[in-house]
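Heavy atoms only: backbone and side chains are in, while hydrogens, waters and symmetry mates are out. On a predicted model such as this, the values are computed, not experimentally measured, just so you know.
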Amino acid sequence: MRIDVVSIFPDYLAPLELSLVGKAAQSGLLDLTVHDLRSWATDRHRTVDDTPFGGGAGMVMRPDVWGAALADVLTPDATLVVPTPSGETFTQRVAEQLALEPALVFACGRYEGIDARVAEHHRAAGGTVRELSIGDYVLNGGEVASLVMIEAVARLLPGVIGNPESLVEESHGEAGLLEYPVYTKPPSWQGLDVPEVLLSGHHAKIARWRRNRAIERTIARRPDMIEALDPSMLDKADRAL
Ligand SMILES: Nc1cc(-c2ccc3ccn(Cc4ccccc4)c3c2)n[nH]1
């Protein structure tokens, strides 16, 4: 997969050189390039913004500069991803969709956002645009949102995660449940013991215990994720464990 990121703060994307995404880029699983939007600015001051039509506070990013950048960076097979507070919510399902694409171009806005005609122009040319929000809170720009989405997508690419099995049980995975609590050595720490069932080696009991903890957590913390589930689904016998 090819990922391009365009930003006026390219250094904000430096963390992509680290860890999992960095390794994927080095191993050739990911072809990652970060571009400075100001490279396409035409005036002496390399201006990328201007005052909003219709008035209002703040500045808007110019369509001509973005248009020139995307004309160079976008390819016909690329999906344009525009982080925005007014976007469709980015979820694990959306990450799975994006992970199937051959190429992604992230347009990181700043100020009050990017002139709406930039996305409109790409759609009119037959391109795919995903305007995505990473949550109902306001950031100052699209860079952090792009880091979040690139990590969530890159880890789904074949060969990026060492053990693909760890992609199966995690929160927001197919089970539609939050993850169960995890423990490691020592078996007793600060007077707190690891649940006995996890030391039993009884795989069926452990699987049942984990599923019930996942259901409990999901009901308690994310009732919005629960459709058919309710407390009665908890295995009564498990409550005694
Ligand atoms: N989930 C999420 C995404 C963003 C986001 C993404 C890109 C941009 C570009 C400029 N801003 C600042 C801004 C604040 C409020 C209204 C409009 C623009 C951005 C915020 N915030 N929260």
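Under a 4.0 Å N-O distance rule, the pair Arg62/Asp64 qualifies as a salt bridge.
Between Pro223 and Arg221, the shortest heavy-atom contact is CD-C, 3.4 Å. A pairwise comparison of heavy atoms in Gly142 and Pro83 identifies O-CG, 3.7 Å as the closest pair. Leu178 approaches Thr218 most closely through the heavy-atom pair N-OG1, 2.9 Å. Heavy atoms only, all atoms of each residue included: Leu29 and Pro158 are closest at CD2-O, 3.5 Å. Here the closest heavy-atom approach between residue Pro10 and residue Asp36 is recorded as CG-CB, 3.9 Å. Of all the heavy atoms in Ala78 and Leu74, the pair that sits closest is CB-CD2, 4.0 Å.
Within the 4.5 Å cutoff, the side chain of Arg130 has heavy atoms near those of the Glu88 side chain. Counting heavy atoms from C-beta on, the side chains of Phe106 and Met149 come closer than 4.5 Å. The shortest distance between side-chain heavy atoms of Tyr111 and Val48 falls below 4.5 Å. Between Tyr183 and Pro195 the shortest side-chain heavy-atom distance falls below 4.5 Å. A heavy-atom distance below 4.5 Å is found between the side chains of Ile134 and Leu139. Leu132 places a side-chain heavy atom less than 4.5 Å from the side chain of Leu98. Side-chain contact between Leu104 and Val5: absent, with no pair of heavy atoms (C-beta onward) separated by less than 4.5 Å. In this structure, Val194 and Ser188 have side chains that are not in contact, with every pair of non-hydrogen atoms separated by 4.5 Å or more.
Here the side chain of Thr47 pairs no donor or acceptor atom with the backbone of Asp49 at under 3.5 angstrom.
Val73 and Val65 fall within a single hydrophobic cluster, where Ile, Leu, Val, Met, Phe, Trp and Tyr side chains are chained together by heavy-atom contacts under 4.5 Å. Cluster annotation: Leu157 and Leu100 are assigned to distinct hydrophobic clusters (Ile/Leu/Val/Met/Phe/Trp/Tyr, side-chain heavy-atom contacts under 4.5 Å, transitive). A continuous path of Ile, Leu, Val, Met, Phe, Trp and Tyr side chains, each step under 4.5 Å between heavy atoms, connects Tyr137 with Tyr12, placing both in one hydrophobic cluster.
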Q: Apply the test side-chain contact (heavy atoms from CB on, under 4.5 Å) to residues His121 and Leu70: give CA-CA distance (whole Å), side-chain angles for both, the deciding distance (0.1 Å), then the verdict.
A: CA-CA 10 Å; His121 178 259; Leu70 294 179; over 6 Å; no
**Q.** side-chain contact (heavy atoms from CB on, under 4.5 Å) between Val129 and Val82, worked out
**A.** CA-CA 7 Å; Val129 183; Val82 184; 4.1 Å; yes
**Q.** Trace of the salt bridge (Lys or Arg N to Asp or Glu O under 4.0 Å) decision for Arg93 with Glu96
**A.** CA-CA 5 Å; Arg93 297 295 88 78; Glu96 289 161 359; 3.0 Å; yes
Q: Dump the intermediate steps for side-chain contact (heavy atoms from CB on, under 4.5 Å) on Met61 and Trp66, then the final yes or no.
A: CA-CA 8 Å; Met61 299 191 96; Trp66 271 106; 3.5 Å; yes
Q: Dump the intermediate steps for side-chain contact (heavy atoms from CB on, under 4.5 Å) on Val60 and Asp50, then the final yes or no.
A: CA-CA 6 Å; Val60 172; Asp50 205 332; over 6 Å; no
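Distance check, rounded to the nearest 0.5 Å: NE2 of His202 to NZ of Lys205 gives 5.0 Å. The structure places OG1 of Thr128 at 9.5 Å from CG of Leu80, a figure rounded to the nearest 0.5 Å. Going from atom CG of Asn212 over to atom CZ of Arg210 covers 13.0 Å, rounded to the nearest 0.5 Å. Of the inter-residue distances, the one linking Phe9 atom CZ with Cys108 atom SG reads 11.0 Å to the nearest 0.5 angstrom. Between atom CD1 of residue Ile219 and atom CZ of residue Arg217 there is a gap of 13.5 Å, rounded to the nearest 0.5 Å. A distance of 6.0 Å separates CG in Leu32 from CD1 in Ile3, rounded to the nearest 0.5 Å.
A cation-pi geometry, defined here as NZ or CZ lying under 6.0 Å from the six-membered ring centre and within 45° of its normal, holds between Arg213 and Trp209. Under the 6.0 Å distance and 45° angle rule, Arg117 does not count as a cation-pi partner of Phe53.
Within a 6.0 Å radius of CD in Glu196, no more than 12 heavy atoms belonging to other residues, nucleotides or ligands are found. In the displayed structure, Asp224 atom CG is contacted under 6.0 Å by more than 12 heavy atoms of other residues, nucleotides or ligands. Within 6.0 Å of atom CD in Glu151, 12 or fewer heavy atoms from other residues, nucleotides or ligands are found, so the atom counts as exposed in its surroundings. More than 12 heavy atoms of other residues, nucleotides or ligands sit less than 6.0 Å from atom CG of Asp43.
No side-chain N or O of Thr91 forms a donor-acceptor pair with one of Thr89 less than 3.5 Å apart. If you check the side chains of Asp72 and Trp40, you find a donor sitting under 3.5 Å from an acceptor. A side-chain donor from one of Glu143 and Ser7 sits under 3.5 Å from a side-chain acceptor of the other.
Residues forming a side chain to side chain contact (heavy atoms under 4.5 Å, CB included) with Arg2 (at least two apart in sequence, or on another chain): Asp4, Asp31, Thr75, Asp77, Ala103.
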